[in-house]
Amino acid sequence: MVVNSSFQLRVLNFLTVIPKGKVVTYGQIAKAIGYPGAARAVGNVLHRNPDGSKYPCYKVVNSKGELSGHFAFGGIMIQQEKLEADGIKVVNSRVNLDEYQFHPVL
């Protein structure tokens, strides 16, 4: 995917500020970049992530803390492995948002 829109670039750049050991939701990203209500569009950008090592989309979960069944780089088990490597506990394919959610200052 060639990053060719301001929206795509904002989504991808937001991923780079999520600290190790923290996750965000699709809706959080949408709101943080100025597009509240565009969580699905955020997911579309993440699904076509051009560089998983530069843009860590594995740190994004849904509003319930559930892992993505359509994780772009290998599926739900790879996402879980990456989160656990960051020190995030995953139980039944879900992350405890009270414990691990990143709340950036907007």
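All values derive from a computational prediction rather than experimental measurement. Each residue takes its place number in the sequence, starting with 1.
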Side chain to side chain contact (heavy atoms under 4.5 Å, CB included) against [X], all qualifying residues, sequence neighbours excluded:
X    : result
P104 : F14, Q28, F102, L106
E81  : I78
K20  : D86

Worksheet item: Looking only at heavy atoms, which two atoms of A30 and A39 are closest? And how far apart?
Response: CB-N, 3.8 Å
Worksheet item: For I76 and S93, which heavy atoms make the closest approach, and how far apart are they?
Response: CD1-OG, 3.8 Å
May I ask you to test the [X]-[Y] pair for a side-chain heavy-atom distance under 4.5 Å?
X   : Y   : result
V95 : L67 : yes
I29 : V45 : no
L46 : L15 : yes
L97 : V61 : yes
E84 : V90 : yes
Y55 : N13 : yes

Discussion item. The criterion is ring-ring contact (aromatic ring centres under 6.0 Å, His included); which residues satisfy it with Y35, sequence neighbours excluded?
Written reply: F7
Worksheet item: With sequence neighbours left out, what residues match Y100 under ring-ring contact (aromatic ring centres under 6.0 Å, His included)?
Response: none
Worksheet, complete the sentence: Residues passing the salt bridge (charged side-chain N to carboxylate O under 4.0 Å, His left out) test with E99, sequence neighbours excluded, are none
As an exercise, state the distance from [atom1] of [X] to [atom2] of [Y], rounded to the nearest 0.5 Å.
X   : Y    : atom1 : atom2 : value
N96 : Q101 : CG    : CD    : 10.0 Å
K59 : K82  : NZ    : NZ    : 10.5 Å
I88 : K22  : CD1   : NZ    : 8.5 Å

